[in-house]
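Before any comments, here is the structure.
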Protein chains: 2
Amino acid sequence: MLTRERIVETAVELLDSSGDGALTVRALTTRLGTGPGAIYWHIGNMDELLVAAADAVITAALTTPRDEAATTEPNEAATTHPDRAATTQPDRAAATPQDEIRAIALGLFDAVAEHPWLAAQLALQITRNPWGPVTLRIFESIGRPVSTLGVPEADWFTTTSTLVHYLLGATAQTSQSDETATRTEAGRAEFLATASKAWRDLDPDEYPFMRAIADQMREHDDREQFLTGINLVLTGITTLHQPPIDP
Amino acid sequence: MLTRERIVETAVELLDSSGDGALTVRALTTRLGTGPGAIYWHIGNMDELLVAAADAVITAALTTPRDEAATTEPNEAATTHPDRAATTQPDRAAATPQDEIRAIALGLFDAVAEHPWLAAQLALQITRNPWGPVTLRIFESIGRPVSTLGVPEADWFTTTSTLVHYLLGATAQTSQSDETATRTEAGRAEFLATASKAWRDLDPDEYPFMRAIADQMREHDDREQFLTGINLVLTGITTLHQPPIDP
DNA sequence: GCATGGCTTGGAGCGACGTTCCAGTATGGA
DNA sequence: TCCATACTGGAACGTCGCTCCAAGCCATGC
């Protein structure tokens, strides 16, 4: 029996294994041993399928407890800390709101790193339908800890927007689409060296700044830089909204 | 005579007038009164044409002096402040680096608002080719004032990245793709009211935060919120990098 | 003046895509 | 047993990016 879930699942598999352009109706039909009519009975649209695929992966990334280690058996991790396990998101509690935000952001960052097609999809869906299910979910996840951050309620929307926008921009650029090259450690090092050299060879009149930071480009780590950016925004938030008078 | 510039120019016209999906090779051929072979003689690829179109618009947005008023005759504005006029970008000088960054960011924001197709293109190109000409130009423009901000040179890359990533994420989401509806003032108000109501009707268990900020959604202004976000990041930067010891 | 050879053009056509249409099958209730 | 409804998969349509190629253009050398 063909179900919407099975189609979405297969779509994600296709995207994961063969990249952006691999998700075609024809590829789905062969993989599922069926015809286009069957697929369009369950799914109205190719775009709708892409939204569903992205939503599935994002939802998984947002609800999975961020344990940094347990990737195969999340239940096992849950038994490690059996108290506190009643909440929706088992671990992660007992941390500062800042820690929560960092954890969620890193979860999304890693999800995009694991599913390179997700970067383009996120970007596209956010421009085409700014408040689709994907944006909504991310906003809610980031907004919840923001509301416990001490920010006045009137600024919740703007503050969360800033965080989410940074997060989306950063994941968009940092998703190595050049898969094969950047998959390995050596390939990534080579990529960085090449880019760094390209910047150094730019026109000094037109690109003085890029030339100045070419070295930093070669030595930087995407994930670390992402976290630094999050911390920068968090610092801005706490600086603006809670003056140094400590209770 | 057909030239690459003429093709790019026509491509921008097509995109501006008829939106995202209007730029096809066939549309170009009819508009230019030629055939596909002629076009592919000057342009290697459809993607390459899209990059060129985006680059053209972005470059224009980054080099135009941001005078908020003078759109037709930039030279006139230059005479207003005749000193300092020797730099590449006539006015804008004599301001703080923060002002410069705000001006550049708003310039990009307005460019995306004026060319709605640009949002999706920026997002796509940045994920597909993170250091293409468009990203490079934006990075250089933002990075230059950042380097005069008092941030230690070792942090220039990360700091500029944070600003650019926020900027890209914000413009991506804030580009009303739903053109006709949001073009007019009334249409936009209706759009906001509808979205706000949709948030209020969400499941209280799953989306408590979105429900809490539904009102702020209805009353917010995109451009203003964008600026607030920029200021938030700028505050984070100055807070982290120059301790309150004032010279 | 004229032939030559390299740019440049535009039309025909190829393969692949998303999508629709529809004849057919299965299944569960009357 | 019959039938309505849910579902399937193959054929086909229109459009897309792109390639191929015969013809045109035009400056140069003879």
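Basis for what follows: all heavy atoms, side chains included, without hydrogens, waters or symmetry-related copies. Lettering of chains follows the sequences in order, A, B, ..., and the numbering in each one begins at 1.
Rounded to whole Å, the distance from CG on B/D20 to C1' on D/dT15 is 17 Å. In this entry the distance linking CG of B/L28 with P of D/dC16 reads 12 Å, nearest Å. Protein atom CD of B/E48 is 15 Å distant from nucleotide atom P of D/dG17, rounded to whole Å. Taking atom CG on A/L49 and atom C1' on C/dT19, their separation rounds to 14 Å, with Å as the unit. We find that CE of B/M46 is positioned 19 Å from P of C/dC17, with the value rounded to whole Å.
With the nearest nucleotide of DNA chain D identified for both A/R26 and B/D47, A/R26 has the one nearer the 5' end.
No salt bridge links A/E140 with B/R211; every basic N to acidic carboxylate O contact stays at or beyond 4.0 Å.
Contact annotation for A/V25: base contact, defined as any heavy-atom pair under 4.0 Å involving a base atom.
For A/E190, the CD atom is loosely surrounded, since the number of other residues' heavy atoms within 6.0 Å does not exceed 12.
Using a distance-only test at 3.5 Å, with no hydrogens or angles considered, a donor-acceptor pair links the side chain of B/T59 to the main chain of B/D55.
A/F157 and A/F139 have tilted rings, their planes meeting at an angle from 30° to 60° on a 0 to 90° scale.
The structure places CG of A/L167 at 13.0 Å from OH of B/Y166, a figure rounded to the nearest 0.5 Å. Taking CD1 of A/I7 as the start and CZ of A/R31 as the end, the distance is 13.5 Å to the nearest 0.5 Å.
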Original post:
What string of B, S and - do you get for nucleotides 4-9 of chain D, 5' to 3', if B is base contact, S is sugar-phosphate-only contact and - is no contact with any protein heavy atom under 4.0 Å?
Top reply: --SSBB
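The side chain of A/N45 places no N or O atom within less than 4.0 Å of a non-bridging phosphate oxygen (OP1 or OP2) of C/dG18.
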